[in-house]
Amino acid sequence: MKKILTVVVLLIMLMPGKAQVIVDDFGKVALNTYLPDNLGISSDAKKQLQAKLTQLVTQNGIAGSEVNPRFIITAAVTIGTKDIIPGPPQMIAQNLSITMFIGDAVDNKVFSSVEIAVKGVGRNENKSFIEAIKNINPKRKDLIEFVDQGNSKIVSYYNSQCEQMLSDALNLAQRERYDEAMDNLSLVPSACTSCYVRCTDRMYELYQARLNQDGKNKLSEANAVWAATRNLAGAEKAVNLLSQIHIDANCKIDAEILITQISAKLQADEKRDWQFKLKQYEDAQKMERERIKMMEESDVRNSQLQSERLHAAKQVALEYAKNQPKTITYNNIYWR
């Protein structure tokens, strides 16, 4: 049991570190790379084209994230002329016309498009396809303009939907669906300046509400455990639950009161082991309070604390999104 409680205390001490996880794509416009099955090229060539689209997106500061499947970048391929180059070895030169699209997969709406011509030479048709695709330069001016236009349209979409998104998040929060609410708000890119700030502020509130609700549940469970088993074993189970309550939860004082009540009820011959476990719990709580106090002593440290909490909220949203079934299919998306 001592080993179990030691692990619990270590987990408490590590909780601030979890909040520091940086979600690299937070605040960016998100685009999913999608290519239809009936593209007319081999699977190897398709993989190469998908990699080029992803490269184009990431090099222009856009997140390639599957957690937000609404907006996509896709392409259509038209095969042009094919020439045989005498050998040895005999080679095949092919000209391709590739049209790229950025758009809304839900509304089936194209935001921007661009057509480029590329040429590849290889020992067979498949290799010439792949070489042609490899020749796509993501730094081409027309490709950069294409991405910028799509990015602008996505930003406009979020700006137009801001009030609705905030309202939906509030409704979800009222049903205690905090993770889903934070996930929806986290999709707004920082380019939507006003909406982004409002959604970020709401995420702070939702994260705190989530901490409060989780703490309330843990406290209720601890109370039930202690009421059912008023001995050292029950005390150990209760403190294990109380240790999982975040230091910022508004029921933390009630948790401390329960700890005091448990200490008072334990028999003298059990108190020695209990005092050791209680000391571990109190030391962990003290360390966390001192850490937060140090951060709040200056604007810089306070900003760091806010940043931690925002990233913690974003991480919650990200984990929620990863575990959700995909509700958007691209079966009808084949733009030409």
Side-chain angles (χ1 to χ4, degrees), residues 11-12 14-30 63 65-71 154-155 157-221 241-242 244-255 288 291-292 295-296 301-325 327-328:
L11 286 173
I12 297 169
L14 288 172
M15 281 177 64
K18 285 186 176 182
Q20 293 174 14
V21 174
I22 296 176
V23 184
D24 293 333
D25 291 338
F26 181 47
K28 293 182 180 179
V29 167
S65 174
E66 292 185 359
V67 298
N68 180 18
R70 180 173 192 123
F71 303 108
I154 294 172
V155 168
Y157 166 83
Y158 281 116
N159 279 331
S160 68
Q161 296 295 313
C162 191
E163 294 298 334
Q164 187 62 51
M165 293 181 72
L166 288 166
S167 177
D168 290 345
L170 182 60
N171 290 333
L172 288 169
Q174 289 172 346
R175 288 177 280 164
E176 298 180 6
R177 292 163 61 178
Y178 301 113
D179 293 7
E180 183 178 355
M182 287 189 287
D183 175 49
N184 291 344
L185 295 178
S186 71
L187 302 178
V188 177
S190 57
C192 307
T193 309
S194 176
C195 185
Y196 176 78
V197 170
R198 294 175 66 191
C199 289
T200 299
D201 289 344
R202 184 61 55 83
M203 283 183 70
Y204 280 127
E205 297 170 4
L206 293 173
Y207 182 63
Q208 183 61 53
R210 183 182 187 271
L211 294 183
N212 293 341
Q213 186 60 46
D214 182 67
K216 180 182 177 182
N217 293 340
K218 292 289 193 305
L219 178 61
S220 177
E221 192 175 350
L241 290 164
L242 296 174
Q244 298 172 41
I245 298 175
H246 197 280
I247 194 73
D248 291 328
N250 60 4
C251 68
K252 200 63 183 178
I253 294 176
D254 293 328
E288 177 63 2
R291 187 187 73 87
I292 293 175
M295 286 186 175
E296 291 176 340
R301 288 171 178 162
N302 188 48
S303 175
Q304 182 182 348
L305 181 60
Q306 288 182 330
S307 178
E308 278 191 10
R309 289 172 179 168
L310 178 59
H311 285 303
K314 176 60 181 177
Q315 192 64 43
V316 169
L318 187 61
E319 289 302 318
Y320 170 85
K322 284 180 178 179
N323 294 319
Q324 297 309 299
T327 57
I328 297 177

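The chain is numbered in sequence order, starting from 1. Everything quoted here is computed from the prediction, not taken from an experiment.
- Asn159 contributes no side-chain N or O that, together with a main-chain N or O of Cys192, makes up a donor-acceptor pair within less than 3.5 Å.
- Applying the salt bridge (Lys or Arg N to Asp or Glu O under 4.0 Å) test between Arg210 and each of Asp183, Asp179, Asp248 identifies Asp179 as the sole match.
- Taking CG of Asp254 as the reference point, atom OG of Ser220 lies at 11.5 Å (rounded to 0.5 Å).
- Put simply, CG on Leu206 and CZ on Arg177 are 13.0 Å apart, with the number rounded to the nearest 0.5 Å.
- Side chains of Asn184 and Glu180: no donor on one and acceptor on the other come within 3.5 Å.
- Test Met203, Glu205, Gln213 against Tyr178 for side chain to side chain contact (heavy atoms under 4.5 Å, CB included) and you get one pass: Gln213.
- Cys pair Cys162 and Cys199 fails the test of SG atoms under 2.5 Å apart.
- Counting only heavy atoms from C-beta outward, the side chains of Arg198 and Leu166 approach each other to under 4.5 Å.
- Side chain to side chain, Gln208 and Asn212 meet the donor-acceptor criterion of an N or O pair below 3.5 Å.
- Thr200 places a side-chain N or O within 3.5 Å of a backbone atom of Tyr196 that can act as its donor or acceptor partner.
- Contact between Leu241 and Lys218 at its shortest, heavy atoms only, is O-CB, 3.9 Å.
- Side chain of Lys252 to backbone of Ile245: a donor-acceptor contact under 3.5 angstrom is found.
- In plain terms, the two heavy atoms of Gly215 and Ala249 that are nearest each other are CA-CB, 4.5 Å.
- Closest approach of Ala181 to Ala169, counting heavy atoms only: CB-O, 3.6 Å.
- Here the CD-CG distance, from Gln161 to Asp168, works out to 9.0 Å after rounding to the nearest 0.5 Å.
- Remark: Arg202 CZ to Cys195 SG distance equals 10.5 Å, nearest 0.5 Å.
- If you take CG on Leu185 and CG on Asp201, they are separated by 10.5 Å, rounding to the nearest 0.5 Å.
- For the atom pair CG (Leu187) and CE (Met182), the distance works out to 12.5 Å, reported to the nearest 0.5 Å.
- Residues Phe71 and Ala30 approach most closely at CB-O, 3.8 Å, considering heavy atoms.
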Derivation and outcome, side chain to side chain contact (heavy atoms under 4.5 Å, CB included), residues Arg175 and Leu172: CA-CA 5 Å; Arg175 288 177 280 164; Leu172 288 169; 3.6 Å; yes

